[in-house]
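Take a look at the structure set out below.
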Amino acid sequence: MVGCLVGCGFFAENHLNAWRDLGLTIAAVCDVDLGKARATAERHGIARYYGDADDMLVQEKPEFVDVVTTVGSHRGLVELAARQGVPVICQKPFAATLEDADAMVSACERAGIPLMVHENFRWRTPMLAVRWAIVEGRFGTPFSGRVSCRHDYDVYAV
């Protein structure tokens with residue numbers, strides 16, 4: 001599976017490392033700051049970088065796009081991905097307003113593409129253990145839940 005990533009700020013490093021660890025290829029990255037996009041691409045061995053997400057999606061035709069930007073840009077980028085027919089995974093917080101959230105969900109539904117909200121901690125060992133305990137029926141049928149944990153994984157180290 002080949003994807004693209006928009007937003008080369010702080011959290012993009014975690015996303016790119018995770019995509020690599022999962023064996024997925026990121027064909028290109030994009031940031032409005034072209035220098036940041038170039039530096040990120042070089043650090044991660046990614047061949048192409050862009051300053052415009054529309055150009056990237058048209059040129060690359062990815063199987064998915066990972067939106068790792070600030071909340072104010074999410075709606076425009078998700079709607080762009082929907083117009084291009086590209087499944088999108090969007091960093092949290094998903095939307096600043098319910099109107100924006102509804103618009104993004106509607107755009108992707110109309111386009112017939114998946115829309116996912118990203119939370120990379122769901123793949124951490126404690127979260128997977130809780131998931132399997134639920135699947136195995138160890139808690140009965142939950143209707144609500146909250147998980148809290150402490151760990152030595154430094155999400156702020158680059």
Side-chain angles (χ1 to χ4, degrees), residues 1-128 130-131 146-147 149 151 153-158:
M1 180 165 269
V2 177
C4 288
L5 181 136
V6 180
C8 294
F10 178 81
F11 281 104
E13 295 298 316
N14 293 320
H15 288 232
L16 289 167
N17 289 330
W19 292 126
R20 180 203 61 228
D21 291 350
L22 289 169
L24 296 171
T25 300
I26 298 299
V29 296
C30 176
D31 197 282
V32 293
D33 179 337
L34 194 57
K36 192 182 283 187
R38 179 181 22 249
T40 300
E42 288 173 358
R43 235 181 353 269
H44 289 274
I46 297 169
R48 292 173 299 285
Y49 57 91
Y50 294 81
D52 180 87
D54 192 28
D55 288 345
M56 180 179 70
L57 295 179
V58 168
Q59 295 298 314
E60 300 296 331
K61 298 178 181 23
E63 295 175 83
F64 71 93
V65 62
D66 185 6
V67 175
V68 192
T69 59
T70 57
V71 69
S73 62
H74 288 175
R75 181 175 177 176
L77 290 166
V78 168
E79 289 176 335
L80 171 65
R83 286 192 302 275
Q84 297 288 338
V86 178
V88 59
I89 183 167
C90 186
Q91 179 65 21
K92 63 183 183 339
F94 180 58
T97 67
L98 182 57
E99 177 184 332
D100 285 348
D102 286 342
M104 290 185 278
V105 169
S106 294
C108 292
E109 284 177 345
R110 284 192 307 275
I113 61 167
L115 169 61
M116 298 153 278
V117 179
H118 188 273
E119 176 46 75
N120 59 0
F121 285 163
R122 70 178 176 258
W123 303 115
R124 301 289 299 153
T125 302
M127 301 309 142
L128 290 174
V130 170
R131 178 186 186 274
R146 181 177 179 165
V147 176
C149 67
H151 50 77
Y153 181 71
D154 186 357
V155 299
Y156 298 105
V158 176

Exercise. Hey, are the side chains of Phe11 and Thr69 touching, using non-hydrogen atoms and a 4.5 Å cut-off?
Worked result: no
For this session: Compute whether any side-chain donor of one residue and acceptor of the other, for Gln91 and His74, lie under 3.5 angstrom apart.
Result: no
Problem set entry | Test side-chain contact (heavy atoms from CB on, under 4.5 Å) applied to Thr40 and Ile46, step by step | CA-CA 8 Å; Thr40 300; Ile46 297 169; 5.6 Å; no
For this session: Taking all heavy atoms of Pro93 and all of Val71, pick out the closest pair and write down the distance.
Result: O-CG2, 3.4 Å
Seminar exercise, completed: On a heavy-atom basis, the closest approach of Cys30 and Ala53 is SG-N, 3.4 Å
Seminar exercise, completed: Minimal heavy-atom distance between Val29 and Ala37, with the atoms involved, is CG2-O, 3.5 Å
Exercise. What pairs meet the side-chain hydrogen bond (donor to acceptor under 3.5 Å, both in side chains) rule with one or both residues in residues 57-67, with sequence neighbours excluded?
Worked result: His15-Asp66, Trp19-Asp66, Arg48-Glu60, Tyr50-Glu60
Exercise. Roughly how far, to the nearest 0.5 Å, is CG of Leu77 from CG of Asp54?
Worked result: 10.0 Å
Exercise. Which pair of heavy atoms, one from Val2 and one from Ala27, lies closest together, and at what distance?
Worked result: CG1-CB, 3.6 Å
For this session: With side-chain contact (heavy atoms from CB on, under 4.5 Å) as the test, would you mind laying out the steps for Val86 and Ile113 before giving the verdict?
Result: CA-CA 7 Å; Val86 178; Ile113 61 167; 5.7 Å; no
Exercise. What is the distance from atom CD of Gln84 to atom CD of Glu79, rounded to the nearest 0.5 Å?
Worked result: 13.0 Å
Exercise. Can you name the one residue among Val117, Val78, Val88 that meets side chain to side chain contact (heavy atoms under 4.5 Å, CB included) with Met104?
Worked result: Val78
Exercise. CG/Leu115 to CD/Glu109 distance, rounded to the nearest 0.5 angstrom?
Worked result: 9.0 Å
For this session: Measure across Ala12 and Gly7 and return the closest heavy-atom pair with its distance rounded to 0.1 Å.
Result: CB-O, 3.1 Å
For this session: Show your working on side-chain contact (heavy atoms from CB on, under 4.5 Å) between Val68 and Phe10 and close with a plain yes or no.
Result: CA-CA 9 Å; Val68 192; Phe10 178 81; over 6 Å; no
Exercise. Given the rule in the side-chain contact (heavy atoms from CB on, under 4.5 Å) test, do Met56 and Val6 qualify, once you have shown the distances and angles that lead to the verdict?
Worked result: CA-CA 9 Å; Met56 180 179 70; Val6 180; 3.5 Å; yes
Exercise. With no hydrogens and no angle check, is any side-chain donor or acceptor of Asp31 less than 3.5 Å from a backbone partner on Cys8?
Worked result: yes
For this session: Kindly give the heavy-atom pair with the smallest separation between Ala111 and Ala82, and that separation in Å.
Result: CB-O, 3.4 Å
